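Data block below; observations after.
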2 protein chains.
Amino acid sequence: MADPQARLEQMLARLKACNFRLTPQRLAVVKILAASVDHPGVERIYDQVKEVFPTTSLATIYKTVALLKELNEVLEIRFSESSRFDGNKPYPHPHVICLKCKKILDPELAGIEKLTQEASHRTGFRIVNHRLDFIGICPECQTQE
Amino acid sequence: MADPQARLEQMLARLKACNFRLTPQRLAVVKILAASVDHPGVERIYDQVKEVFPTTSLATIYKTVALLKELNEVLEIRFSESSRFDGNKPYPHPHVICLKCKKILDPELAGIEKLTQEASHRTGFRIVNHRLDFIGICPECQTQE
DNA sequence: TATTTATAAAGAGTAATTATCAATAAAAAA
DNA sequence: TTTTTTATTGATAATTACTCTTTATAAATA
């Protein structure tokens with residue numbers, strides 16, 4: 001995991017460099033994402049922000065997250081049902097996702113660069129991004145079966 | 001690519017074996033999926049079926065595709081915007097997706113089994129599925145930039 | 001033929017997300 | 001500091017992909 005403090009400063013610096021205003025609501029969202037290891041969804045972020053700023057609108061969360069994604073400071077992991085976000089490692093990396101509890105982990109895996117090159121070579125595509133998800137059952141949920 | 005005729009027969013056999021009726025609408029959908037190399041979405045399938053059976057409902061396409069997925073005869077590739085389907089290779093395999101024209105290709109890549117084992121080993125997950133998409137620009141769209 | 005059962009069509013309903021816009025507040029200018 | 005400018009917020013409406021419900025229809029079976 002990247003250092004949350006460093007991530008926070010990096011994200012704030014990026015916002016400032018692009019002349020986006022730092023509002024209290026924005027700061028709250030950025031803080032949550034910089035320290036996120038559990039890939040929260042908008043609803044989770046919303047709940048946390050509302051503890052500090054109760055009048056915050058869900059639309060503000062959506063807009064802030066979209067802005068940070070635009071600035072390449074968060075990674076969006078889209079599912080058909082909803083999205084989850086990673087502000088701590090805002091670049092493509094493999095995920096392991098539990099079907100039951102929806103937990104998402106970031107395993108350290110080698111060899112994806114090689115696969116990417118192979119895909120590019122075989123298809124002629126210029127590859128700019130990738131997504132690698134393993135879907136299964138986590139150890140905790142396995143014991144509850 | 002698997003032989004479309006063989007895939008068609010396999011899919012029809014599976015429907016019959018499970019005592020599902022072979023209606024004209026269903027047959028039309030199955031035919032399209034068995035021969036699909038371009039990973040069509042529901043809307044595309046719908047348009048093609050309507051050419052033969054103009055009164056067909058979109059819900060029928062959704063239901064037929066869901067049924068075939070249930071029987072493991074099609075692979076659903078979910079995107080947040082919509083789903084695409086593969087009735088020709090109905091098992092997990094890597095995709096290369098063009099950002100511009102939304103074309104989807106199936107490159108032959110080795111080494112995914114090894115990655116899966118590594119992910120399982122590192123996290124303790126029981127992996128039952130995976131998804132590997134490379135996103136980029138296809139050769140045709142590269143020339144139009 | 002009568003009856004049961006699976007399936008189709010139509011359209012209302014759902015949930016996540018996006019768009020709209022008046023009100024507000026942060027930054028810039030005076 | 002005060003004023004002005006303009007980005008941002010918050011409430012809500014609109015959108016969109018998809019699902020559910022109901023009713024109608026057609027096939028299988030007795």
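What you see below is based on every heavy atom in this structure, not just the backbone, and it leaves out hydrogens, waters and symmetry mates. Predicted model only: the values in this text are computed from it and were never measured. Order of the sequence lines sets the chain letters (A, B, ...), proteins ahead of strands, with each chain counted from 1.
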Salt bridge between Lys100(B) and Glu140(B), side-chain N to carboxylate O under 4.0 Å? no
Choosing from dT8(D), dA8(C), dA28(D), which nucleotide comes nearest the side chain of Thr23(A)? dT8(D)
So does Arg84(A) pair up with Asp86(A), basic N to acidic O under 4.0 Å? no
Is the cationic atom of Lys50(A) (NZ for Lys, CZ for Arg) positioned less than 6.0 Å from the six-membered ring centroid of Phe53(A) and within 45 degrees of its normal? no
Taking the nucleotide of DNA chain C with the closest heavy atom to each, which residue, Lys63(A) or Leu58(A), is nearer the 5' end? Leu58(A)
Would you classify Ser80(A) as touching base, sugar-phosphate or nothing, given that sugar-phosphate means primed atoms plus P, OP1 and OP2, and contacts are heavy atoms under 4.0 Å? nothing
To the nearest angstrom, the OH-P distance between Tyr62(A) and dA14(D) comes to 18 Å
Just jot down the side-chain contact (heavy atoms from CB on, under 4.5 Å) partners of Thr116(A), sequence neighbours excluded, or say none. Ile112(A), Ile127(A), His130(A), Phe134(B)
Using whole Å, what does the distance between atom C1' of nucleotide dA7(D) and atom CG of Leu15(A) come to? 13 Å
Rounded to whole angstrom units, what separation is found between the CZ atom of Phe53(B) and the P atom of dA9(C)? 10 Å
Find which nucleotide of DNA chain D each of Val42(B) and Thr60(A) is nearest to by heavy atoms, and output the residue with the more 5' nucleotide. Thr60(A)
Distance, rounded to the nearest Å, where Asn19(A) contributes CG and dT5(D) contributes C1': 14 Å
note: Glu43(A), atom CD; dA16(C), atom P; distance rounded to Å ~ 7 Å
Between the base of dT7(C) and the side chain of Arg26(B), is there a donor-acceptor distance below 3.5 Å? no
Does the side chain of Gln25(A) get closer than 4.0 angstrom to OP1 or OP2 of dG10(D) through an N or O atom? yes
Decide yes or no, distance alone: a donor-acceptor N/O pair under 3.5 angstrom between the base of dA27(C) and the side-chain of Arg21(A). no
Salt bridge between Arg78(B) and Glu81(A), side-chain N to carboxylate O under 4.0 Å? yes
Using the side-chain heavy atoms of Ser82(B), tell me which of these nucleotides is nearest: dA19(C), dA17(D), dT20(C). dA17(D)
Check the distance between dA8(C)'s P and Lys50(B)'s NZ and give it to me in whole angstrom. 16 Å
Atom-pair distance (CD1 on Ile61(B); P on dA8(C)), nearest Å: 9 Å
May I have the distance from Glu81(A) (atom CD) to dT17(C) (atom P), rounded to whole angstrom? 10 Å
